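Working notes for the structure below.
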Amino acid sequence: MGTAVEISPREAEVLELVGAHLSNAEIAARLVISVRTVESHVSSLLRKLEVPDRRALARRAPEPVGAGTSRPALVLPATLTSFVGRVSERAELADKIRAHRQVTATGPGGVGKTRLALAVAAQAAGEYADGVWFVDLVPVTDPDLVATAVAGALGLGERPGRDMTASVVAALADRHVLLVLDNCEHVVDGVALFLERLLAACPAVTVLATSRARLMVPFERVYPVPPLSLAAGGDSDAVALFMERAAAVGRPLDPPLRGQVAAICERLDGMALAIELAAARYPMLGLDGVTAALSHPLRMLTGGSRADERHRSVRAALDWSHALLDPADRALLRRVSVFAAPFTAAAAAEVTGTEEGLVVDLLARLAGQSLLVVTPAPGGTEYRALETIRQYGTERLAEAGELAEARSRHLRWCLAKAAALTSARPDWRARFDLVADDLRAALAWAAGRPELREDAYELARRLAELTFTRHLVGESQRHYEQAAELAIEPADSASMLRQAAAVAGCRTVGDDMYRLHRAAAEAARRAGDTVGAAADLAAAATVAFRFSPKFVRHPSGEEALALIVEARGLAGGDPAAQAAVALAEAAVLADAFGAVQGPPGNAVQETMAYAGRAVELARRTGDPLAESAALDALASAQSWAGETFAAAATARRRIELLSSAPVSPTGTLELIDALGMVTEAELGAGDLPGARRWARRLAGHPSLAEVGHRAPLMVDALAGDAGEVLTGSILLLSAWRGAGSPARSGLGPAVAGVAMIHGLRGDHEARREWQQVLSQLGAPPEYFHGYGAVFDAMLLLHRGQAREALRRMGPEPRQVWKWVTWIWHHWYVALRAEAAVLDGSPAARDRVAEARAVVAGNPVCAAMVERAEALLDGDQEALLATVKAFDAAGCRYQSVRTMVLAGGEHAERGAAALAGLGLAPMAPPPATTAK
């Protein structure tokens with residue numbers, strides 16, 4: 001029984017959520033703490049509970065508790081076998097990792113590389129401010145998934161727009177950590193590529209790897225792990241290990257027998273695994289029996305290098321241990337070698353074709369001979385073989401002629417497990433993570449066998465769906481593309497490529513969306529599906545313009561137009577194909593989405609006509625996803641036309657349509673886009689509570705857990721909620737810098753809003769820093785005339801600089817219609833009217849009248865115009881009436897601003913309220929205004 005370990009209430013909360021298989025970012029969002037704080041708690045839990053990695057930590061988590069139930073303060077760690085000896089080796093390896101950024105502990109299987117690395121890592125834990133993290137690469141069968149394994153160990157999710165390696169690099173860029181990569185030899189190419197990117201970008205990261213061969217990467221220093229010492233007289237690490245393990249099974253050895261034990265250890269060349277196997281047999285055979293059994297095979301081995309001899313020592317010990325097993329034990333040992341991850345007795349029974357009651361007994365016997373490791377888990381006892389023993393079992397499986405049959409049974413088991421997984425169950429993540437490595441291993445084996453192509457296709461398809469739901473979107477896209485290659489029917493291939501394109505959209509990788517839609521069109525042609533090919537070609541043209549900010553290479557208008565022409569020729573009278581072509585025409589010919597490569601101006605009525613036709617044709621198809629995409633074009637066109645409330649209604653209609661759509665990559669892509677559109681459209685219409693609600697839903701979408709979203713910052717900035725903006729801005733800045741500070745103009749409105757809030761707070765240095773971020777984003781022309789003008793004017797008016805605000809909004813809206821009439825139209829004209837009044841402009845009354853006609857129905861902007869007119873007329877009662885209007889509209893800042901503008905005792909209360917909002921005092925209003 002282990003010793004009780006005390007953990008804090010917060011650590012208990014984190015532990016429970018680790019058990020639910022949430023990422024660090026998701027835990028941070030759930031507990032409203034920083035990601036770094038979560039990392040610190042996880043690192044502490046690993047140390048306290050004496051477990052090597054996050055997977056083991058998840059097994060130690062308590063069952064979810066209900067509301068009002070107290071959380072446990074104590075957790076009992078599993079008892080671990082002790083680490084014996086290797087004092088000098090630990091010191092040498094510790095010195096190596098202090099002096100070098102990447103050290104590889106090399107040696108043959110069974111020499112003890114993993115245990116030595118774990119001991120050194122535990123010893124060095126206090127030297128790394130951000131923790132020591134262990135990654136077991138044994139279950140990884142695909143070199144491209146090395147980064148996914150590391151991310152899982154670190155509790156990281158994939159960030160949109162980057163592969164998993166980039167996500168890991170971003171998370172560790174400024175972290176001081178020791179990363180232990182165990183068992184690299186079978187994925188050495190993937191490890192090498194991963195480490196080259198990691199070490200180049202993360203100067204404070206140290207990597208300790210274990211491998212049978214060196215990794216051949218820059219920075220690498222090799223530490224050959226020697227066998228356990230074999231000092232004369234029986235005073236050695238090898239003897240100490242044998243005697244420790246013998247005592248652990250209840251048969252302690254008397255000191256006088258150390259000489260005989262030393263002879264056994266010498267025969268085993270000091271190989272740790274071989275000694276453990278021999279010690280496990282001691283209770284049944286005694287020292288004489290162990291000596292006799294070992295003498296023949298080892299002395300027959302001659303020639304070769306010393307390292308080869310040591311490898312043969314382990315092989316001989318395995319042969320000997322295997323020979324002593326009953327036939328049923330041998331059969332089970334070799335058959336369970338197909339499992340890539342820890343497995344249960346039920347799984348072993350199903351895959352090996354053995355009755356479950358018998359399997360439990362056989363597994364216990366194998367564990368008793370140190371051939372399997374037993375681990376308690378919430379779902380039942382789990383078993384695993386050390387990698388050397390698992391490889392040995394696989395060899396025996398091949399020798400018995402059972403390899404194909406065993407792997408086929410494993411494949412069928414994996415297919416059944418994949419089919420049974422459903423995200424409707426609350427423990428879905430944990431259930432998937434338990435079998436994910438086996439699903440990947442089975443797919444890797446089956447994909448290369450033509451006779452199993454149909455099963456491989458099915459598993460690739462299901463794994464693509466499951467990894468998408470698990471938010472491993474990069475892996476999901478790869479599996480969809482893999483399924484497309486494995487599909488026997490071209491129509492199935494086309495379907496998988498379409499899904500892959502949608503996943504690429506969720507990853508914000510526009511170039512892949514474009515490529516995959518075009519590949520789907522070719523597959524559809526091969527299937528004889530010309531109308532499907534037409535829809536795919538039209539989709540490629542559409543995404544090139546609709547999602548242009550997600551592209552690195554933007555297809556030109558001419559290229560997109562050529563696709564439309566080709567699609568028209570193939571569409572015929574098919575409603576779905578015609579709808580797809582109509583949407584492409586709205587996107588490319590009318591630039592309904594305001595693409596990067598589109599024209600600076602639109603013919604508004606033409607844009608509306610194209611978008612309206614796209615909606616009508618999409619509605620006839622009965623496909624909510626097609627109609628949502630067309631409504632996106634219409635909402636954009638309505639915004640260009642200045643039809644603010646119509647745009648908001650159209651955006652809400654998209655959400656209604658998508659609420660009943662099944663979860664899928666295409667549906668997720670549409671929903672995220674629709675939530676962004678409805679947030680901005682409601683903001684444009686002055687519905688701050690509605691905009692805030694949609695923004696929170698968008699930011700909380702699981703696909704965005706690692707990066708959050710800019711939408712809440714835009715809403716909170718316009719409302720003047722400084723506290724919310726400051727909190728959200730930290731996450732935004734961290735995610736942006738973690739991504740390498742890319743030039744993403746889409747972040748501009750949020751960043752400009754943050755800069756304005758710092759200005760309202762009087763923090764000029766912070767404002768300059770955020771303006772610098774804004775300049776790095778590559779702000780487009782719309783910044784100056786759209787959101788830039790709005791946020792700048794709000795700050796200038798707060799400072800009492802009405803004339804400067806009026807200059808900032810000098811152009812008439814119709815002069816810069818496209819970007820001012822987006823969601824900023826009402827805010828622009830309302831602020832412009834107020835600036836004219838406060839500046840005493842002769843045109844102030846005309847500006848107010850014009851603005852009133854524009855903003856009618858917008859609760860915030862209408863109140864701003866009413867306030868401007870009250871100031872113009874000197875009507876104190878009308879002025880104070882707008883306070884209630886702003887409060888009702890959820891715009892606390894403008895309410896407080898009105899009180900300050902009212903002067904007298906109202907101004908005093910307003911000043912106190914401003915301080916309560918964390919904002920600096922406003923400049924006093926002008927003594928007189930134009931009448």
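Because the structure is a prediction, the values reported are computed rather than measured.
Using a distance-only test at 3.5 Å, with no hydrogens or angles considered, a donor-acceptor pair links the side chain of His186 to the main chain of Val140. In this structure, the side chain of Arg330 engages the main chain of Ala323 through a donor-acceptor pair within 3.5 Å. Arg449 contributes a side-chain N or O that, together with a main-chain N or O of Trp445, makes up a donor-acceptor pair within less than 3.5 Å. A donor-acceptor pair is defined here as one N or O able to donate and one able to accept, closer than 3.5 Å; no such pair exists between the side chain of Glu89 and the backbone of Pro226. The closest donor-acceptor contact from the side chain of Ser370 to the backbone of Leu277 lies at 3.5 Å or more, if one exists at all. No donor-acceptor pair under 3.5 Å is formed between the side chain of Arg245 and the backbone N or O of Ala240. Ser236 contributes a side-chain N or O that, together with a main-chain N or O of Ser229, makes up a donor-acceptor pair within less than 3.5 Å. Remark: side-chain polar atoms of Asp237 are paired, donor with acceptor, to backbone N or O of Arg86 under 3.5 angstrom. Remark: side-chain polar atoms of Asp437 are not paired, donor with acceptor, to backbone N or O of Ala340 under 3.5 angstrom. The main-chain N or O of Leu463 is found under 3.5 Å from a side-chain atom of Thr467 such that the two form a donor-acceptor pair.
You'll find the side chain of Leu172 reaches within 4.5 Å of the side chain of Leu154, heavy atoms only. The side-chain heavy atoms of Leu325 and Leu371, taken from C-beta on, include a pair separated by under 4.5 Å. Annotation: side chain of Leu93 is in contact with side chain of Val103 (closest heavy-atom distance under 4.5 Å). With contacts defined as side-chain heavy-atom distances shorter than 4.5 Å, the pair Arg214/Val188 does not qualify. Residues Leu156 and Ser167 have side chains not in contact (no heavy-atom distance under 4.5 Å, counting atoms from C-beta outward). Between Pro342 and Arg55, some side-chain heavy-atom pair lies under the 4.5 Å cut-off. Between Val261 and Ile264 there is no side-chain heavy-atom pair separated by less than 4.5 Å. Using a 4.5 Å cut-off on side-chain heavy atoms (C-beta onward), Ile389 and Leu333 make contact.
Atoms CD and CD1, on Gln123 and Ile97 in that order, are 8.0 Å from each other to the nearest 0.5 Å. Here NZ of Lys113 is found 10.0 Å from SG of Cys184. Values are rounded to the nearest 0.5 Å. Taking NE2 from His410 and OG1 from Thr352, the interatomic distance works out to 11.5 Å, rounded to the nearest 0.5 Å. Atom CZ in Arg390 sits 11.0 Å away from atom CG in Leu397 (nearest 0.5 Å). If you take CZ on Phe134 and CG on Leu178, they are separated by 11.5 Å, rounding to the nearest 0.5 Å. Separation of atoms CG (Leu228) and SG (Cys265) is listed at 8.0 Å; rounding is to 0.5 Å.
Glu481 and Gln477 share a donor-acceptor pair across their side chains, judged by distance under 3.5 Å alone. Side chains of Thr104 and Glu220: a donor on one and an acceptor on the other come within 3.5 Å. At a cut-off of 3.5 Å, with distance as the only test, a side-chain donor of Arg47 or Ser43 sits close to an acceptor on the other residue. Of the N and O atoms on the side chains of Arg212 and Thr388, at least one donor lies less than 3.5 Å from an acceptor on the other residue. Counted by atom type alone, Arg221 and Gln102 present zero donor-acceptor pairs between their side chains at under 3.5 Å.
For Arg470 and Glu475, the salt-bridge test fails: no basic side-chain N is under 4.0 Å from an acidic carboxylate O. Residues Glu399 and Arg396 are paired through a salt bridge, judged by an N-O separation under 4.0 Å between the basic side chain and the carboxylate. Salt bridge absent: Arg440 and Asp142 never bring a charged side-chain N and a carboxylate O closer than 4.0 Å.
Taking the six-membered ring for Trp, His322 and Tyr392 have ring centres closer than 6.0 Å. Remark: aromatic rings of Phe339 and Trp413 are close, center separation under 6.0 Å.
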Next on the checklist: Could you walk me through whether Val135 and Val180 satisfy the side-chain contact (heavy atoms from CB on, under 4.5 Å) test, starting with their C-alpha distance in whole Å, then the side-chain angles of each, then the deciding distance to 0.1 Å, before giving a yes or no?
Outcome noted: CA-CA 6 Å; Val135 186; Val180 181; over 6 Å; no
Next on the checklist: With side-chain contact (heavy atoms from CB on, under 4.5 Å) as the criterion, how do Thr344 and Thr381 come out once you've worked through the C-alpha distance, each side chain's angles and the decisive distance to 0.1 Å?
Outcome noted: CA-CA 6 Å; Thr344 63; Thr381 302; over 6 Å; no
Next on the checklist: Set out, in order, the CA-CA distance, both residues' side-chain angles and the distance that settles side-chain contact (heavy atoms from CB on, under 4.5 Å) for Val336 and Val351, then state yes or no.
Outcome noted: CA-CA 8 Å; Val336 297; Val351 170; over 6 Å; no
Item to check | Verdict with reasoning, Leu439 to Leu466, per side-chain contact (heavy atoms from CB on, under 4.5 Å) | outcome: CA-CA 10 Å; Leu439 300 185; Leu466 292 168; 4.1 Å; yes
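Residue pairs meeting the ring-ring contact (aromatic ring centres under 6.0 Å, His included) criterion with at least one partner in residues 203-228, sequence neighbours excluded, do not occur; the list is empty. The salt bridge (Lys or Arg N to Asp or Glu O under 4.0 Å) pairs that include a residue from residues 120-138 are Arg98-Glu127, where partners are two or more places apart or lie in different chains.
Here the closest non-hydrogen pair linking Ala442 and Leu459 is CB-CD2, 3.9 Å. The heavy-atom pair separating Ala153 from Arg54 by the smallest distance is O-CB, 3.5 Å. The shortest heavy-atom contact between Ala460 and Leu486 is CB-CD1, 4.1 Å. The two atoms that bring Arg429 and Ser23 nearest to each other are NH1-N, 4.2 Å, heavy atoms only. A pairwise comparison of heavy atoms in Pro52 and Leu46 identifies C-CD2, 4.4 Å as the closest pair. A pairwise comparison of heavy atoms in Ala173 and Pro203 identifies O-CD, 3.7 Å as the closest pair.
The neighbour count for Lys96 NZ, taken as heavy atoms of other residues, nucleotides or ligands under 6.0 Å away, is above 12.
Relative orientation of the Tyr128 and His176 rings is tilted, given thresholds of 30° and 60° on the angle between their planes.
The salt bridge (charged side-chain N to carboxylate O under 4.0 Å, His left out) test with Glu402 singles out one residue from Arg407, Arg409, Arg334, and that residue is Arg334.
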